[in-house]
Amino acid sequence: MAEFMTGEIPLNFKTNPYKRVEWEDDLTDPNTGEVLEEGTIFWAEYGNNLEWGLYNAYRFLIEQARQMQRMQIQMELDGRVPGNSGTFADPLDGSTNKISLDKALTDIIESAAIGTTTLTVASVDGFTPFTQVTIFDDMAKEDVVITEVGTNTIKVQALKNTYKKGAKVARSNVSIDTVNAEMGVGDWQTFSVDLVEVV
């Protein structure tokens, strides 16, 4: 029996990995209609082989399209400045060229009022002075510039809005979907917590 597909396969194959089935009809007596020889029986293995074959073929096409998009981006950027080797791009598929998203993110651990310039935060990792950040919760958002970074505080321009405890401070409020190659707005996150009494 041929080696049928039962799941995802590596996409770096050199020869066609799909093993097709030779289908045969029933051989019947033309006069009586009696089946003289049965044709190919449709087994689950055959059906799954078809399904996984189609699925892996589409995976291959999608990967090809992504590679072509990366080449198109590179050619477009290089074409604007002949000999340019410092081009950078992000096709949003998980593979970038000389560029990366700054994912620095932290929480405000104390509520902040309008006019506040010092934010007490859970972590200052990834934040540096004179860079812009977005502060947001489920009610408001604004962009401010960091003026100073302490051990557990970040100083910014005076806030124009109030923010509750747990508000986010982020270098980039962006969510990248590498499956659909799309960039969207990040969400304000909430969590459900189950409290268990320990006796």
Q) Hey, is CG on Asp29 packed in by over 12 heavy atoms from elsewhere, all under 6.0 Å? A) yes

Q. Could Asp138 and Lys164 be called an ion pair, given the rule that one side-chain N must be under 4.0 Å from one carboxylate O?
A. yes

Q. Is there a path of hydrophobic side-chain contacts, each under 4.5 Å between heavy atoms of I, L, V, M, F, W or Y residues, that connects Tyr55 with Tyr18?
A. yes

Q) Would you say Asp107's side chain and Lys165's backbone share a donor-acceptor pair under 3.5 angstrom? A) no

Q.
So Ile135 and Ile108, do their side chains get closer than 4.5 Å, heavy atoms only?
A. yes

Q) If you round to the nearest 0.5 Å, how far is OG1 of Thr116 from CD of Glu110? A) 10.0 Å

Q. Are Phe127 and Ile146 close enough that some pair of their side-chain heavy atoms sits under 4.5 Å apart?
A. yes

Q.
Show the nearest heavy-atom pair for residues Glu142 and Tyr163, with the distance to one decimal.
A. OE2-OH, 2.8 Å

Q: Give, for atom CD1 of Ile109 and atom CG of Leu119, the distance between the pair rounded to the nearest 0.5 Å.
A: 10.5 Å

Q) Could you walk me through whether Phe13 and Phe60 pass the ring-ring contact (aromatic ring centres under 6.0 Å, His included) check? A) CA-CA 10 Å; Phe13 46 81; Phe60 183 72; 5.3 Å; yes

Q) Got a second to check how far Phe4's CZ is from Trp43's CH2, nearest 0.5 Å? A) 8.0 Å

Q.
Let me confirm one number: the CZ-CG distance from Arg20 to Asn49, rounded to the nearest 0.5 Å.
A. 12.0 Å

Q) Heavy atoms, side chains only, cut-off 4.5 Å: are Asn56 and Met5 in contact? A) yes

(Q) If hydrophobic clusters are built by linking Ile, Leu, Val, Met, Phe, Trp and Tyr wherever their side-chain heavy atoms come under 4.5 Å apart, do Leu159 and Phe136 end up in the same one? (A) no

Q) Under 3.5 Å, side chain of Asn48 to main-chain N/O of Ala44, donor-acceptor pair present? A) yes

Q: Hey, could you give me the CD/OG1 distance between Glu148 and Thr153, rounded to the nearest 0.5 Å?
A: 7.0 Å

Q. Does Glu63 CD have over 12 foreign heavy atoms under 6.0 Å away?
A. yes

Q | Gap between atom OG1 of Thr128 and atom CD1 of Ile154 - 0.5 Å precision | A | 9.5 Å

Q: Flag yes if Leu11 and Tyr58 sit in one hydrophobic cluster, no otherwise; membership is Ile, Leu, Val, Met, Phe, Trp, Tyr, and two members link when side-chain heavy atoms are under 4.5 Å apart.
A: no

(Q) Could you check whether any side-chain heavy atom of Val133 comes within less than 4.5 Å of a side-chain heavy atom of Asp143, counting everything from C-beta outward? (A) no

Q: Please confirm whether the backbone N or O of Asp26 pairs with a side-chain atom of Glu37, one donor and one acceptor, at under 3.5 Å?
A: no

Q | Side chain Thr147, main chain Lys155, donor-acceptor under 3.5 Å | A | yes

Q.
Side-chain heavy atoms nearer than 4.5 Å, only ILVMFWY residues, links allowed to pass through others: does that put Ile41 and Trp23 together?
A. yes

Q | Any donor-acceptor pair under 3.5 Å from Thr32 side chain to Glu34 backbone | A | yes

Q.
Looking at Ile9, is its backbone amide N or carbonyl O close enough to the side chain of Arg59 to form a donor-acceptor pair, meaning the two atoms are under 3.5 Å apart?
A. yes

(Q) I'd like to check Asn152 versus Thr120 (side-chain heavy atoms, cut-off strictly below 4.5 Å). Are they in contact? (A) yes

(Q) Using a strict threshold of under 4.0 Å (side-chain N to carboxylate O), is an ion pair present between Asp137 and Lys168? (A) no

Q: Would you confirm whether Arg171, through its side chain, and Leu105, through its main-chain N or O, come within 3.5 Å as a donor-acceptor pair?
A: no

Q) Which pair of heavy atoms, one from Ala104 and one from Gly126, lies closest together, and at what distance? A) CB-O, 3.7 Å

Q.
Main chain of Asp125, side chain of Ser123: is a donor-acceptor contact present, judged purely on distance under 3.5 Å?
A. yes

Q | Over 12 non-hydrogen atoms of neighbours within 6.0 angstrom of CD in Glu8 | A | yes

Q. If you look at every heavy atom in Tyr46 and Thr40, which pair is closest and at what distance?
A. CE1-CG2, 3.6 Å

